[in-house]
Amino acid sequence: MSEERSLRISQVGLRGIVGNGLTAAHVLDFAAAFGTFLPDHGKVVIGRDPRASGVMLREGVVAGLLATGHDVIDLGIVSTPVIQHSIQRLDAVGGISIGASHNAAQWNALKFFGPRGTYLNSAEAGELLDIYHLKKFGFEEWQTIGQRHEDPTATDHYLDDLARVFDLDSLRQFRVLVDCTNGTSALILKRMNERFGTQFILINEPLEGRNFAHEPSTTKKMVGLQLAPLIEHVGADAGFLFDIDSDRVAFATEKGEAVSEEMVLVLLADLFLQHRPGRLIITSISTTALLDDVAARHGGKVVRVAVGRQAAIDALASYRPEQIAVAGEGTGAVMMPQFRFVYDGIASMLGILSGMEKLGCTLSQLVGRYPKYSILKGQIPLETHRIPELLLELEERFPDGERTTLDGLRIDWPGKWVHVRVSQTEPLVRVICEQCGEPPRALFDEVMDLVRGYTA
Amino acid sequence: MKRVHQLKISVSGIRGVVGDFLTPNLACAFAQAFGTYVGPGPVVLGRDTRATGEMLEHAVTCGLLAAGCEVVKVGIAPTPTIQVYVSEIRARGGIAVTASHNPPEYNALKLFNREGLFFNHYERNELLDLYHQSEFRQATNSEIRRVVTDMDTPTRRHIARVLAHVDAERIRRRGFRVALDGVNGAGSRMSVHFLKDILGCDLHAIWVDPTKVFPREAEPTPAVLGELQKLIGRVSAEAAFAQDPDGDRLAVGDETGRILDNDDVLALAVDCALRRKQGPVVVNLTTSAVIDDVAARHNCRVYRAPVGEANVVERMRAVGAVIGGEGSNGGIIFPAVQYCRDSYMGMAFILDRMAETGQTLGALAATLPRYYRRLGKMPFEHGRLGQMMQDLETVFPGAQVDRSDGLKLMMPEGWIHVRASNTEPLLRVAAEAKSQEALDELYGKATGVA
């Protein structure tokens with residue numbers, strides 16, 4: 001994709017290719033804006049993923065926060081869920097995660113959290129952006145400037161909480177192969193093995209700043225290429241693959257079969273609904289229709305919102321926590337009420353392993369209990385502004401389906417649907433097509449061709 | 001128009017009141033310009049003890065990393081120590097986060113080239129142009145280098161360089177009783193180590209806690225050294241030293257509790273240096289003629305440079321000076337250690353001379369020719385300066401004239417120096433003569449014209 005257009009400043013925060021769009025000046029301005037946005041003089045928790053550029057970003061973030069009068073608690077290299085956990089533990093007023101999650105090594109990003117580690121809602125994120133654009137920051141005078149402290153205990157406290165929710169002793173029976181993609185999951189799982197005797201066998205474990213062993217995307221394709229072929233070889237009961245900041249996960253069964261990343265949310269939704277029937281599943285309109293089957297089986301309901309974290313966060317705010325079973329996306333990013341609605345790949349993995357333990361079945365048996373759905377996902381670089389025309393032609397081409405215009409255009413037929421939308425994070429058009437049974441190859445190809453006609 | 005004095009971005013770097021004026025954003029951008037200018041390599045970064053130092057240190061680190069430099073953090077360290085270390089490790093350059101003798105609400109970036117010298121005039125202009133163009137080098141993830149920390153070596157290297165030029169053993173044998181006022185500055189820990197552990201003094205120190213605020217005005221002038229003077233009396237100190245927050249300036253007190261005139265301290269240091277090796281001496285135009293007398297005893301020549309450390313250093317390099325400095329502001333520059341103001345070399349010279357001669361510091365100072373000096377300032381009026389300088393020349397016909405920095409008129413009975421301040425909207429007037437009466441007459445005549 002075009003590197004000149006890498007910088008993206010939005011409600012989700014700041015993201016871009018370092019040195020090629022994302023600069024030190026952006027980082028300082030954003031950190032100063034966040035420090036101005038937060039309540040006066042509260043402490044702020046920060047952490048980063050292992051990218052080399054993370055040190056540069058961290059220095060700018062620390063300077064901006066100290067200058068606006070906030071003490072900074074630096075957790076060092078930790079996962080994003082650990083940062084969110086520490087915000088609550090330390091009673092901080094907010095936090096910043098420095099890391100580009102599932103993007104390649106040259107990317108980096110800042111994600112912002114409010115008190116209790118929650119994501120900013122749209123109104124808060126909008127205010128932060130306004131301060132950033134106005135560039136009138138609340139810098140303090142020399143007597144009231146902040147100080148930086150370190151806290152190396154964050155991961156241990158996070159593990160204590162995981163152990164409260166999941167019965168880690170009972171999970172010791174599983175040999176689990178984990179591809180850490182040189183990211184922060186390695187730190188957590190190594191420590192979990194030490195403290196709880198779990199058997200996570202880690203590959204691509206060393207933290208890497210410049211080159212990850214492979215693209216850090218949590219997809220079935222990546223699991224199939226990198227992880228699945230090794231599983232039978234080591235005799236593992238399951239295989240999991242994490243992105244760099246461990247908020248997403250993808251997996252493969254003990255037979256070495258890569259499973260669709262959509263199934264993370266499906267399995268967790270099913271496991272939670274079994275115990276708490278009737279609750280809601282909050283997800284995007286791009287997630288598998290299998291969720292509707294699962295919800296129906298337990299008297300639950302699927303609430304579908306626009307794609308992206310922000311829409312899910314805003315939707316969460318309109319329900320009481322006890323109404324919700326689980327929230328998440330088809331990308332392997334799932335939030336659970338037990339974990340304060342934080343996208344957490346490690347917790348998701350423990351949830352799936354707990355399901356295997358409770359039901360006394362293998363992972364392939366667990367996954368095999370569902371009707372077969374086939375999903376095809378495509379992306380096409382976007383170089384035009386002709387999206388409205390494209391969506392119009394799609395409607396005309398498929399007049400027989402049921403239309404949803406919540407985010408781009410989704411067209412539904414019985415047992416089949418297609419969704420076309422513009423990515424929020426990159427200049428891309430995304431096409432997702434799903435069918436109960438065999439892959440909807442013909443429909444997918446037709447839509448992809450049609451999209452290509454409008455994007456170049 | 002209301003003038004903004006709280007922030008100054010100039011050829012001297014960037015300096016201002018932290019908060020609404022000197023922001024981390026500015027510091028980061030300036031550091032990135034610096035990193036772009038010196039190129040992708042190691043850059044030494046240190047700071048004094050100001051409360052805003054840590055914040056600015058992070059902002060500067062961010063800018064340097066973004067420009068592709070490796071950052072070598074030395075933490076809290078005196079400016080001369082940072083400069084020595086830059087030259088020792090062959091870094092691309094160095095930055096000291098310090099506002100030197102300015103009040104605590106101020107901070108600034110001092111910039112050094114690969115030899116650990118202040119940027120010269122041309123380098124400073126180039127850097128400033130680069131900053132204004134904002135076209136910085138933007139390192140990518142594969143080009144961004146690391147931050148390394150070295151808190152101990154800089155002190156060790158600096159002290160080793162100083163000790164090469166004095167007889168440390170004979171100082172240690174004397175076990176001098178010494179009083180120290182560290183102003184809770186960057187030199188606090190190092191000065192205690194240097195005087196007590198290295199030079200074996202019986203040290204009585206006040207204000208050597210780098211975590212505390214400055215307990216007195218930052219510039220070590222006699223008017224603010226009352227506590228040190230009391231300490232001299234209380235412990236019967238044989239010598240007393242006071243530093244500024246970044247350890248480049250030195251004030252000296254003798255056994256009677258008197259704070260020596262800074263020109264005399266420089267004169268003592270010049271004497272020490274020329275005893276070891278003869279050669280040219282460079283001082284600024286406002287420095288006392290006592291330097292000329294001392295140099296004459298050693299048959300050495302004195303050159304004069306415009307006011308400002310960078311100007312003096314430039315001239316010292318040009319003439320191959322053995323020692324130099326600026327009298328009135330307490331700066332001793334001894335290039336065999338480093339081309340920078342260095343309070344540590346000053347302390348070592350004084351103690352070494354005391355050990356060598358067995359004389360008291362007061363007695364040593366008394367051997368210097370006596371001059372009478374007066375420094376003053378007047379409000380500056382734009383447009384009147386040229387006329388005033390011409391008038392001054394007519395008032396003192398036959399005077400030898402130097403126009404390299406304002407106007408200096410030299411007469412047999414003394415001299416007058418009038419110049420516009422670089423940092424404030426003021427005219428600085430200095431005069432010196434061999435008697436109080438002659439001084440009053442000179443000074444009166446000069447200020448009468450203005």
Side-chain angles (χ1 to χ4, degrees), chain A residues 3 6 16-33 35 50-70 72 74 100 103-108 135-148 208-212, chain B residues 6 16-33 35-36 45 50-71 73 97 99 103-107 134-148 211 213-214:
Chain A
E3 298 212 323
S6 78
I17 293 176
V18 174
N20 221 326
L22 177 57
T23 67
H26 293 120
V27 173
L28 257 159
D29 281 352
F30 240 111
R51 276 164 236 261
S53 65
V55 179
M56 185 272 279
L57 271 74
R58 177 196 66 201
E59 293 296 308
V61 161
V62 170
L65 292 172
L66 294 182
T68 47
H70 296 282
V72 173
D74 188 350
N103 290 122
Q106 70 265 34
W107 290 77
N108 218 324
K135 298 212 189 314
K136 283 194 181 155
F137 307 130
F139 291 124
E140 297 283 330
E141 291 179 359
W142 68 278
Q143 300 100 325
T144 48
I145 214 160
Q147 287 187 319
R148 179 179 162 274
E208 263 297 332
R210 303 193 201 275
N211 294 301
F212 304 136
Chain B
Q6 284 100 335
V17 173
V18 177
D20 289 336
F21 301 97
L22 178 50
T23 64
N25 312 57
L26 274 173
C28 174
F30 210 82
Q32 199 172 355
T36 304
L45 172 61
R50 275 159 218 274
T52 58
E54 183 186 9
M55 181 276 283
L56 288 171
E57 188 183 40
H58 287 291
V60 168
T61 305
C62 178
L64 290 173
L65 290 174
C69 297
E70 175 181 308
V71 178
K73 271 186 158 171
V97 179
E105 64 270 26
Y106 279 84
N107 218 329
S134 298
E135 280 174 18
F136 307 146
R137 186 170 177 285
Q138 304 284 1
T140 62
N141 189 61
S142 54
E143 293 162 340
I144 283 179
R145 300 179 64 177
R146 62 198 175 137
V147 177
V148 294
T211 64
V213 295
F214 306 151

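Only heavy atoms go into these numbers, but all of them, side chains included; no hydrogens, no water, no symmetry mates. Lettering follows sequence order; numbering is per chain, from 1.
For the pair A:Phe137/A:Asp29, a side-chain contact is recorded, criterion being any heavy-atom separation below 4.5 Å from C-beta on. Residues A:Phe139 and A:Thr68 are in side-chain contact: their nearest non-hydrogen atoms beyond the backbone lie under 4.5 Å apart.
Only the backbone of B:Ala139 comes within contact range of chain A, with at least one heavy atom under 4.5 Å from a heavy atom of that chain. Both the backbone and the side chain of B:Glu105 come within contact range of chain A, each with at least one heavy atom under 4.5 Å from a heavy atom of that chain.
Most heavy-atom pairs under 4.5 Å with chain A: of the set B:Val71, B:Val60, B:Asn141, B:Leu56, this distinction falls to B:Asn141. Considering only heavy-atom pairs separated by less than 4.5 Å from chain B, the leading option among A:Leu57, A:Leu66, A:Asn211 is A:Leu66. Taking A:Thr144, A:Thr23, A:Leu65 one by one and counting their heavy-atom pairs under 4.5 Å with chain B, the maximum is reached by A:Thr23. Contact tally against chain A (heavy-atom pairs below 4.5 Å) for B:Ser142, B:Pro104, B:Ser134: the top residue is B:Pro104. By number of non-hydrogen pairs under 4.5 angstrom with chain A, the leading residue of B:Asn107, B:Asn25, B:Val18 is B:Asn25. Interface remark: of the candidates B:Arg50, B:Met55, B:Arg146, B:Met55 forms the most heavy-atom pairs closer than 4.5 Å to chain A.
Here the closest heavy-atom approach between residue A:Ala24 and residue B:Cys62 is recorded as CB-SG, 3.7 Å.
Between the side chains of B:Glu143 and B:Gln138, not a single donor N or O lies within less than 3.5 Å of an accepting N or O. Counting only N and O atoms by type, the side chains of B:Thr61 and B:His58 include no donor and acceptor under 3.5 Å apart.
Formation of a donor-acceptor pair under 3.5 Å by the B:Gln32 side chain with backbone atoms of B:Arg137 is found in this model.
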